[in-house]
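Worksheet: the structure to be examined is printed underneath.
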Amino acid sequence: QVQLVESGGGLVQAGGSLRLSCAASGRTFSSYTMGWFRQAPGNEREFVAAINRSSGTTYYADSVKGRFTISRDNAKNTVYLQMNSLKTEDTAVYYCAAGGLSGTVYYERRYNYWGQGTQVTVSS
(Lines give C-alpha, C1' and ligand atoms only; values in the text may rest on other atoms or scores of the structure.)
Protein backbone atom coordinates (compact mmCIF):
# COMPACT_ATOMS: atom_id res chain seq x y z
CA GLN A 1 0.00 0.00 0.00
CA VAL A 2 1.28 3.46 -0.92
CA GLN A 3 -0.17 6.78 0.15
CA LEU A 4 0.69 9.88 -1.85
CA VAL A 5 0.44 13.50 -0.75
CA GLU A 6 1.05 16.33 -3.21
CA SER A 7 2.14 19.84 -2.28
CA GLY A 8 3.51 22.96 -3.91
CA GLY A 9 0.54 24.07 -5.95
CA GLY A 10 -0.67 27.65 -5.99
CA LEU A 11 -1.28 30.76 -8.04
CA VAL A 12 1.45 32.01 -10.36
CA GLN A 13 1.63 34.44 -13.26
CA ALA A 14 2.24 33.23 -16.77
CA GLY A 15 5.95 32.75 -17.36
CA GLY A 16 6.56 31.86 -13.74
CA SER A 17 7.63 28.63 -12.08
CA LEU A 18 6.36 26.20 -9.47
CA ARG A 19 7.74 22.97 -8.06
CA LEU A 20 5.33 20.27 -7.06
CA SER A 21 6.29 17.58 -4.58
CA CYS A 22 4.70 14.22 -3.92
CA ALA A 23 5.62 12.46 -0.71
CA ALA A 24 4.98 8.73 -0.58
CA SER A 25 4.52 6.49 2.42
CA GLY A 26 5.72 2.92 2.52
CA ARG A 27 9.03 1.20 2.01
CA THR A 28 8.46 0.19 -1.59
CA PHE A 29 8.53 3.63 -3.22
CA SER A 30 11.61 2.81 -5.26
CA SER A 31 9.85 -0.11 -6.89
CA TYR A 32 7.22 2.09 -8.57
CA THR A 33 7.21 4.10 -11.72
CA MET A 34 5.93 7.54 -10.72
CA GLY A 35 3.78 9.80 -12.80
CA TRP A 36 2.12 13.20 -12.82
CA PHE A 37 -1.27 13.76 -14.41
CA ARG A 38 -3.48 16.84 -14.53
CA GLN A 39 -7.14 17.64 -14.99
CA ALA A 40 -8.46 21.00 -16.07
CA PRO A 41 -12.14 21.94 -15.55
CA GLY A 42 -14.33 20.22 -18.10
CA ASN A 43 -11.47 18.07 -19.38
CA GLU A 44 -10.40 14.50 -18.83
CA ARG A 45 -7.35 13.78 -16.75
CA GLU A 46 -4.24 13.75 -18.93
CA PHE A 47 -0.68 12.51 -18.68
CA VAL A 48 2.01 15.08 -17.88
CA ALA A 49 5.23 13.24 -17.01
CA ALA A 50 6.60 9.99 -15.63
CA ILE A 51 9.88 8.62 -14.34
CA ASN A 52 10.98 5.04 -14.01
CA ARG A 53 12.11 3.35 -10.82
CA SER A 54 15.80 4.10 -11.19
CA SER A 55 15.35 7.66 -12.51
CA GLY A 56 17.07 6.59 -15.69
CA THR A 57 14.20 7.30 -18.05
CA THR A 58 11.71 10.14 -18.11
CA TYR A 59 8.63 10.68 -20.23
CA TYR A 60 6.76 13.89 -21.04
CA ALA A 61 3.63 15.01 -22.77
CA ASP A 62 4.41 17.09 -25.84
CA SER A 63 2.63 20.06 -24.28
CA VAL A 64 5.13 20.28 -21.42
CA LYS A 65 8.33 19.00 -23.00
CA GLY A 66 11.17 21.46 -22.50
CA ARG A 67 9.31 23.32 -19.74
CA PHE A 68 8.63 20.67 -17.07
CA THR A 69 11.12 18.32 -15.41
CA ILE A 70 10.26 15.26 -13.36
CA SER A 71 12.70 13.87 -10.84
CA ARG A 72 12.67 11.60 -7.81
CA ASP A 73 14.61 11.08 -4.62
CA ASN A 74 14.16 7.47 -3.56
CA ALA A 75 15.91 8.14 -0.24
CA LYS A 76 13.22 10.70 0.59
CA ASN A 77 10.33 8.79 -1.00
CA THR A 78 9.52 11.91 -3.01
CA VAL A 79 8.89 12.73 -6.64
CA TYR A 80 9.04 16.28 -7.98
CA LEU A 81 7.68 18.19 -10.92
CA GLN A 82 9.55 21.38 -11.73
CA MET A 83 7.35 23.57 -13.91
CA ASN A 84 8.90 26.52 -15.72
CA SER A 85 7.56 28.97 -18.29
CA LEU A 86 4.05 28.28 -17.10
CA LYS A 87 1.15 29.06 -19.40
CA THR A 88 -2.50 29.73 -18.60
CA GLU A 89 -3.36 26.40 -20.22
CA ASP A 90 -1.31 24.63 -17.54
CA THR A 91 -4.02 25.53 -15.03
CA ALA A 92 -5.34 22.28 -13.58
CA VAL A 93 -5.41 20.00 -10.59
CA TYR A 94 -2.17 18.01 -10.66
CA TYR A 95 -2.14 14.42 -9.43
CA CYS A 96 0.76 12.24 -8.44
CA ALA A 97 0.48 8.52 -9.17
CA ALA A 98 2.45 5.37 -8.39
CA GLY A 99 2.47 2.72 -11.08
CA GLY A 100 2.72 -0.92 -10.13
CA LEU A 101 0.66 -2.36 -12.96
CA SER A 102 1.55 -3.36 -16.47
CA GLY A 103 1.14 -1.10 -19.47
CA THR A 104 2.48 2.11 -20.86
CA VAL A 105 3.33 4.96 -18.49
CA TYR A 106 1.13 7.33 -20.50
CA TYR A 107 -2.15 5.71 -19.44
CA GLU A 108 -3.91 5.86 -16.08
CA ARG A 109 -4.39 2.10 -15.94
CA ARG A 110 -0.68 1.70 -15.29
CA TYR A 111 -1.06 3.43 -11.94
CA ASN A 112 -2.70 1.84 -8.92
CA TYR A 113 -2.14 4.57 -6.31
CA TRP A 114 -3.16 8.21 -6.60
CA GLY A 115 -2.83 11.35 -4.53
CA GLN A 116 -5.64 13.80 -3.83
CA GLY A 117 -4.27 16.45 -6.15
CA THR A 118 -2.95 19.98 -5.82
CA GLN A 119 -4.35 23.00 -7.64
CA VAL A 120 -2.13 24.97 -10.00
CA THR A 121 -3.54 28.22 -11.36
CA VAL A 122 -1.65 30.28 -13.91
CA SER A 123 -2.91 33.82 -14.45
CA SER A 124 -2.34 35.95 -17.52
Side-chain angles (χ1 to χ4, degrees):
Q1 190 80 1
V2 176
Q3 292 185 324
L4 304 172
V5 179
E6 302 98 334
S7 62
L11 174 64
V12 63
Q13 286 191 327
S17 298
L18 281 176
R19 188 175 83 152
L20 305 183
S21 299
C22 174
S25 66
R27 285 178 275 183
T28 59
F29 173 78
S30 60
S31 67
Y32 291 94
T33 291
M34 298 300 296
W36 286 96
F37 287 73
R38 67 187 182 186
Q39 186 169 21
N43 291 354
E44 294 185 352
R45 191 156 55 184
E46 64 176 7
F47 171 80
V48 175
I51 186 167
N52 72 353
R53 295 175 292 178
S54 62
S55 303
T57 305
T58 55
Y59 309 82
Y60 296 96
D62 288 343
S63 59
V64 307
K65 204 171 293 184
R67 300 187 298 122
F68 290 11
T69 302
I70 188 171
S71 61
R72 68 190 294 165
D73 186 337
N74 287 339
K76 295 183 179 180
N77 280 11
T78 302
V79 62
Y80 305 97
L81 185 68
Q82 178 67 43
M83 306 186 294
N84 299 329
S85 302
L86 282 161
K87 305 175 181 180
T88 55
E89 51 263 45
D90 294 318
T91 295
V93 177
Y94 283 71
Y95 297 90
C96 171
L101 305 174
S102 60
T104 173
V105 299
Y106 300 101
Y107 295 145
E108 290 188 35
R109 61 176 177 265
R110 171 67 184 268
Y111 302 89
N112 44 336
Y113 299 105
W114 293 83
Q116 292 300 306
T118 185
Q119 176 70 47
V120 171
T121 303
V122 184
S123 64
S124 59

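All values below come from the heavy atoms of this structure, side chains included, with hydrogens, waters and symmetry mates left out. Keep in mind the model is a prediction, meaning the values are calculated, not measured. Throughout, numbering of the chain's residues begins at 1 and tracks the sequence.
- Under the 4.5 Å side-chain heavy-atom criterion for Ile, Leu, Val, Met, Phe, Trp and Tyr, Val64 and Phe47 are members of distinct hydrophobic clusters.
- Asn77 places a side-chain N or O within donor-acceptor distance of the main-chain N or O of Gly26, the cut-off being under 3.5 Å.
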- Applying side chain to side chain contact (heavy atoms under 4.5 Å, CB included), run through Tyr59 and Ile70 and close with a yes or a no. CA-CA 8 Å; Tyr59 309 82; Ile70 188 171; over 6 Å; no
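- Between the Arg45 side chain and the Gln39 main chain, no donor and acceptor come within less than 3.5 Å of each other.
- A donor and an acceptor atom, one from each side chain of Asn52 and Thr33, are nowhere located under 3.5 Å apart.
- Contact between Tyr111 and Ala50 at its shortest, heavy atoms only, is OH-CB, 3.6 Å.
- Between the side chain of Glu6 and the backbone N or O of Gln116 there is at least one donor-acceptor pair closer than 3.5 Å.
- Under the 4.5 Å side-chain heavy-atom criterion for ILVMFWY residues, a single connected hydrophobic cluster contains both Val79 and Met83.
- Hydrophobic cluster membership differs between Tyr80 and Leu4, with clusters built from Ile, Leu, Val, Met, Phe, Trp and Tyr side chains linked at under 4.5 angstrom.
- For the pairing with Phe37, the ring pair (Phe, Tyr, Trp, His ring centres under 6.0 Å) check across Tyr94, Trp114, Tyr95, Tyr107 returns one residue only, Trp114.
- Under the 4.5 Å side-chain heavy-atom criterion for ILVMFWY residues, no single connected hydrophobic cluster contains both Val93 and Tyr113.
- Surrounding CD of Gln119 are more than 12 heavy atoms belonging to other residues, nucleotides or ligands, all under 6.0 Å away.
- Hydrophobic clustering keeps Leu20 apart from Val105 (ILVMFWY residues linked when any side-chain heavy atoms are closer than 4.5 Å, directly or through intermediates).
- Between Phe29 and Asp73, the shortest heavy-atom contact is CE2-O, 4.0 Å.
- Taking every heavy atom of both residues into account, Thr78 and Ala23 meet most closely at OG1-CA, 4.2 Å.
- Residues Ser63 and Arg38 are in side-chain contact: their nearest non-hydrogen atoms beyond the backbone lie under 4.5 Å apart.
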